[in-house]
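Working notes for the structure below.
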Amino acid sequence: MTSYAEIQRAAVRTFSAAGYAATGIRDIAAAAGVTSGALYLHAANKLAILESVMHFALDELMRVAALATEGHAPASQLERLVRALVSVQATNPRTVSVVDGELRFLPPERRAEIVAKRDRYERYWTDALAAGVADGDFNLDEVTLTRLALLEMCNGVAHWYQPAGPLGLDRIEDVFVQLALNLVGYAGPPVGPDPALRSRLLTCEPAEQI
């Protein structure tokens with residue numbers, strides 16, 4: 001029995017390969033190994049599948065961001081946010097391409113829901129930066145621009161990361177953390193990877209890995 005999660009995975013593969021507009025329900029059904037009729041038992045149409053992938057991915061980002069920030073000092077929050085986002089981008093590039101690249105196909109009210117959810121995720125970064133400034137740990141004048149720079153830096157990993165590349169993901173995370181801490185003017189050392197957070201991330205993150 002094919003699950004909706006498997007249909008989401010199939011949709012991510014087909015949307016990322018051909019684009020949403022060029023993908024039909026039959027393409028998704030074939031990728032999932034089901035008939036079109038069986039697929040309609042799970043979703044009304046391909047737009048509903050696209051929207052569900054986007055909601056799932058962003059819900060997972062917020063779940064991990066909450067785990068990364070709760071009960072930690074601002075510098076540790078920022079480090080954990082960076083590590084989590086770099087890992088998501090590296091291990092889910094097709095999901096990332098769908099969430100970022102196919103948003104324009106949602107009707108305005110649905111698109112607004114996704115954008116609002118993305119804004120709530122980014123709020124974790126804003127709050128961590130603002131707390132670091134308030135505590136005197138971070139030396140920066142522009143929280144908003146700094147957040148945008150950090151997110152752009154981490155989001156770019158999906159475009160170039162290769163598992164067989166010369167640097168492992170742990171090392172890439174370390175470098176990005178140091179870049180982030182330098183950017184905010186933090187003089188202390190990084191805390192280092194959190195295996196518990198990594199395990200929650202890699203077993204639960206977006207639709208490619210359900």
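Heavy atoms only: backbone and side chains are in, while hydrogens, waters and symmetry mates are out.
- Judged as a salt bridge (charged side-chain N to carboxylate O under 4.0 Å, His left out), not a single pair has a partner in residues 37-48 (not counting sequence neighbours).
- Counting only residues at least two apart or on different chains, the salt bridge (charged side-chain N to carboxylate O under 4.0 Å, His left out) pairs with a member in residues 116-133 are Asp59-Lys117, Glu122-Arg147, Arg123-Asp127.
- A 4.5 Å side-chain heavy-atom check between Val82 and Val86 finds at least one atom pair inside the cut-off.
- Within the structure, salt bridge (charged side-chain N to carboxylate O under 4.0 Å, His left out) pairs that include any residue of residues 148-169 do not occur (at least two apart or interchain).
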- Task: Show your working on side-chain contact (heavy atoms from CB on, under 4.5 Å) between Leu150 and Leu129 and close with a plain yes or no.
- Result: CA-CA 11 Å; Leu150 290 168; Leu129 293 172; 4.1 Å; yes

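- Under the 4.5 Å side-chain contact rule for hydrophobic residues, Leu179 and Leu148 do not share a cluster.
- Proximity of Tyr4 to Ile49: side-chain heavy atoms (C-beta onward) are separated by under 4.5 Å at one or more points.
- Taking the six-membered ring where the residue is Trp, Tyr124 and Tyr121 present tilted rings, their angle falling between 30° and 60°.
- Within the structure, no pair that satisfies the side chain to side chain donor-acceptor pair (under 3.5 Å) test touches residues 14-25, not counting sequence neighbours.
- Side-chain N or O atoms of Asn45 include one that pairs as donor or acceptor with a backbone N or O of Ala48 at under 3.5 Å.
- Applying the side-chain contact (heavy atoms from CB on, under 4.5 Å) test to Asp135 and every residue at least two apart in sequence or in another chain returns Pro74, Asp137.
- Counting only heavy atoms from C-beta outward, the side chains of Leu78 and Phe138 approach each other to under 4.5 Å.
- Residues satisfying the side-chain contact (heavy atoms from CB on, under 4.5 Å) criterion with Arg171, sequence neighbours excluded, are Leu167, Asp174, Val175.
- Looking only at side-chain heavy atoms (C-beta outward), Arg80 and Arg83 stay at 4.5 Å or farther from each other.
- The environment of Asn182 atom CG is dense: over 12 non-hydrogen atoms of other residues, nucleotides or ligands sit within 6.0 angstrom.
- Taking 4.5 Å as the limit, every side-chain heavy atom of His72 sits out of range of all side-chain heavy atoms of Glu79.
- Thr95 and Ala57 get closest at one heavy-atom pair: CG2-CB, 4.1 Å.
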